[in-house]
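Values in this document were obtained by computation on a predicted structure and should not be read as measured data.
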Amino acid sequence: MRVCRNCAFYSPGMHNDCREPSAERVADKERANFCEYFALDAVRGATGPGQRSDDARAALEALFRKG
């Protein structure tokens with residue numbers, strides 16, 4: 001599904017939250033849309049909400065685990 005938050009061009013803070021200057025503005029970045037510039041971001045698109053933070057926490061715990 002084409003959702004801005006799953007796109008490789010999605011960049012909060014940039015104009016329209018998108019690195020593609022020709023893309024039309026999408027008001028709701030979490031709803032399906034028909035952007036022609038959509039490209040799935042393998043990192044954001046492959047993980048569900050909270051999955052990346054859980055993975056990061058596990059990596060930190062493994063790093064600082066004693067013996």
Side-chain angles (χ1 to χ4, degrees):
M1 175 177 350
R2 293 180 178 195
V3 176
C4 290
R5 292 185 55 101
N6 290 339
C7 182
F9 293 112
Y10 178 68
S11 183
M14 302 253 341
H15 177 69
N16 290 339
D17 294 332
C18 185
R19 290 191 316 257
E20 175 53 56
S22 301
E24 293 182 21
R25 182 179 181 279
V26 175
D28 190 348
K29 307 292 188 213
E30 296 186 10
R31 297 197 63 166
N33 61 63
F34 296 100
C35 180
E36 296 178 15
Y37 300 100
F38 179 83
L40 182 63
D41 183 347
V43 175
R44 271 193 295 257
T47 60
Q51 182 64 39
R52 289 176 37 191
S53 63
D54 292 344
D55 293 345
R57 188 177 328 277
L60 280 173
E61 287 174 1
L63 181 64
F64 293 106
R65 189 176 305 142
K66 291 184 179 179

Answer yes or no: is there a donor N or O on one side and an acceptor on the other, between the side chain of R2 and the main chain of C35, under 3.5 Å? yes
Kindly compute the distance separating CG (D41) from OG (S11), expressed to the nearest 0.5 Å. 10.5 Å
Between atom CD of E24 and atom OH of Y37, what is the distance when rounded to the nearest 0.5 Å? 8.5 Å
Partners of A39 by side chain to side chain contact (heavy atoms under 4.5 Å, CB included), sequence neighbours excluded? A8, F9
Under the rule for side chain to side chain contact (heavy atoms under 4.5 Å, CB included), what residues qualify as partners of R31, not counting sequence neighbours? D28
Once you round to the nearest 0.5 Å, how far does CZ of R25 lie from CG of D17? 9.0 Å
Can you find a heavy atom in the side chain of C7 that is under 4.5 Å from one in the side chain of L40? no
Backbone of N6 reached by a side-chain donor or acceptor of K29 within 3.5 Å: no
Do C18 and Y10 come close enough that some side-chain heavy atom pair is under 4.5 Å? no
Residues in side chain to side chain contact (heavy atoms under 4.5 Å, CB included) contact with E36, at least two apart in sequence or another chain: none
Of all the heavy-atom pairs spanning N33 and C4, show the shortest one and how long it is. ND2-SG, 3.4 Å
